[in-house]
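Read the structure below first, then the notes.
Just so you know, ligand 1 is whichever comes first in the structure, and atom 1 is the first atom listed for that ligand.
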Amino acid sequence: MCKPTPVASTETKKTGKTRRGMSKMALYLSASFAMLVAIFPMIISELIGGWTAKYTSPVYFTPKSIPDLTGKVAIVTGANTGIGYHTALELARKNAQVIVASRNPSKGQEAITRIQEATGNHHVRFLPLDLSSLASVRSFAQAFQALQLPLDMLILNAGIMKSPGAQFIGKNMTQGFELTQDGFEVHIGVNHVGHFYLTQLLRDSLIASAPSRVVAVSSIAEQGAYQPDGFRFELWKPLNVEHATSMGYEDGMAYGQSKLANAMFAKELAEQLKEHGVTAYSCHPGVIVSELTRYLVASIEEEALQKSWWSRMYLNALGKYFELAQMKTSDGALTQLHLAVSNVSELSNGGFYHPIGKLKGSPNHAQGSNEKLRKELWRETERMIKEAGF
Ligand SMILES: NC(=O)c1ccc[n+]([C@@H]2O[C@H](COP(=O)([O-])OP(=O)(O)OC[C@H]3O[C@@H](n4cnc5c(N)ncnc54)[C@H](OP(=O)(O)O)[C@@H]3O)[C@@H](O)[C@H]2O)c1
């Protein structure tokens with residue numbers, strides 16, 4: 001008689017082996033997944049200019065690198081919060097006279113109190129500036145000129161982003177559409193036109209204070225400007241949202257267009273003023289946890305509210321996860337501070353920089369180094385400001 005074959009025990013052995021193999025595999029897969037989840041924010045950070053830039057940039061610049069600025073005068077727009085606040089704070093710490101140029105007097109005053117308490121510098125003052133009104137820009141310039149101060153650093157930092165749009169969140173949005181008091185689409189109006197007009201009005205002060213400099217705060221979002229043209233001048237002063245939408249308006253591209261304008265404006269300004277001892281630079285300061293996304297959050301939440309509880313949780317978690325790739329506001333101020341105070345011989349006049357102080361040369365957008373377009377940008381901005389009665 002044949003002995004019964006020990007089938008069951010062999011199978012058990014085999015199954016046991018397989019289970020052990022599977023559990024090893026599961027362990028391996030979960031460890032790799034966990035590592036990926038942990039490393040992913042670092043990779044994103046490197047791509048967009050998040051916190052890792054502080055460690056990977058070839059330029060070593062910290063607030064301690066700022067020289068003594070006694071006798072120097074700086075205007076920082078949008079200095080009541082975010083990276084503008086930290087820029088004003090660090091300049092004041094090194095004894096510069098700083099003008100906090102903000103649209104909201106109580107927020108401006110509050111920032112000044114905080115800066116004075118932190119630095120002991122009492123030459124920090126507030127002057128009202130609302131970049132969405134050319135009349136306010138003109139009053140600001142007049143008020144500054146009445147102080148009879150030199151102007152060593154003009155830091156064009158204030159900005160508004162109603163939504164980063166399709167390029168970053170994969171969705172076309174027009175909820176952020178708004179017009180400034182002079183009828184400009186709000187992104188181009190505040191971020192570029194207001195700053196352009198301000199610089200024009202302060203041009204003589206900059207020249208008289210040479211060597212002086214202008215820093216325009218752009219963004220990596222410049223590459224999200226309209227394709228392929230970069231600028232859509234017909235969208236600068238549309239009648240209303242329907243009119244704008246019919247011509248292809250989208251919040252993210254409108255923000256991108258304004259940021260491309262910041263960088264190309266700085267380059268053109270550098271060309272025009274180099275004989276006068278005034279230099280100009282632009283930068284993507286990094287991707288920073290600040291109040292810039294306040295309108296985006298509102299528009300996404302508005303949509304999310306109409307979705308399920310699960311979608312809202314998911315969006316929240318995604319937002320928090322993305323913050324792991326971003327910079328603190330104090331680090332976000334470093335690139336513009338570097339451009340404002342480092343020795344000009346270490347900088348490239350008209351250059352576009354990434355964090356922290358990494359020279360990119362020109363913006364990434366295909367039109368970013370188009371000289372003809374740069375000159376057209378200048379002419380069109382001047383023409384539209386004139387047309388608005390200024
Ligand atoms: N955060 C980022 O990840 C990031 C990335 C790339 C580029 N940037 C650029 O960095 C700059 C500063 O942004 P942030 O992150 O510091 O943002 P933020 O915290 O929102 O600060 C923006 C500042 O601009 C001011 N502002 C807005 N509209 C204005 C107007 N009409 N007139 C005068 N001031 C106005 C704000 O004043 P209120 O407080 O009164 O609104 C605030 O002081 C912006 O130009 C932005 O485009 C930021």
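Only the side chain of Lys107 comes within 4.0 Å of ligand 1, counting heavy atoms alone; its backbone N, CA, C and O stay farther away. With a heavy-atom cut-off of 4.0 Å, Leu129 touches ligand 1 through its backbone alone. The residue Phe140 has no part lying near ligand 1, judged by heavy-atom distances below 4.0 Å. Within the 4.0 Å heavy-atom criterion, neither part of Ala101 lies near ligand 1.
No side-chain N or O of Asp182 forms a donor-acceptor pair with one of Thr180 less than 3.5 Å apart. A donor and an acceptor atom, one from each side chain of Asn104 and Ser106, are located under 3.5 Å apart. Using modelled atom types and a 3.5 Å distance limit, the side chains of Ser258 and Asn191 yield a donor-acceptor pair. Asn370 and Gln367 share a side-chain donor-acceptor pair at under 3.5 Å.
Checking only distances, Ile83 does come within under 3.5 Å of ligand 1, N or O to N or O. Below 3.5 Å of separation, one finds no N or O of Ser219 facing any N or O of ligand 1. The N/O atoms of Ser102, backbone and side chain alike, include none that comes under 3.5 Å of an N/O atom in ligand 1. On a distance-only criterion, His284 and ligand 1 share no N/O pair closer than 3.5 Å. When only interatomic distances are considered, the shortest N/O to N/O separation between Gly159 and ligand 1 falls below 3.5 Å. Residue contacts with ligand 1: Lys259 is placed with a nitrogen or oxygen under 3.5 Å of a nitrogen or oxygen of the ligand (distance criterion only). The shortest N or O to N or O distance between Leu292 and ligand 1 is under 3.5 Å. For the pair Leu131 and ligand 1, the shortest N or O to N or O distance falls below 3.5 Å. Residue contacts with ligand 1: Val190 is placed with no nitrogen or oxygen under 3.5 Å of a nitrogen or oxygen of the ligand (distance criterion only). At under 3.5 Å, a nitrogen or oxygen of Arg103, whether backbone or side chain, sits near a nitrogen or oxygen of ligand 1.
You'll find the side chain of His192 reaches within 4.5 Å of the side chain of Leu377, heavy atoms only.
Looking at Ser290, Pro285, Gly332, Ser258 and measuring to atom 14 (P) of ligand 1, the nearest heavy atom belongs to Ser290. If you check each of Gly50, Ala333, Gly78 against atom 23 (C) of ligand 1, the one with the closest non-hydrogen atom is Gly78.
Counting protein heavy atoms only, atom 31 (N) of ligand 1 is closest to Asp130 OD1, 3.0 Å. Here the protein heavy atom with the shortest distance to atom 37 (O) of ligand 1 is Asn80 OD1, 3.6 Å.
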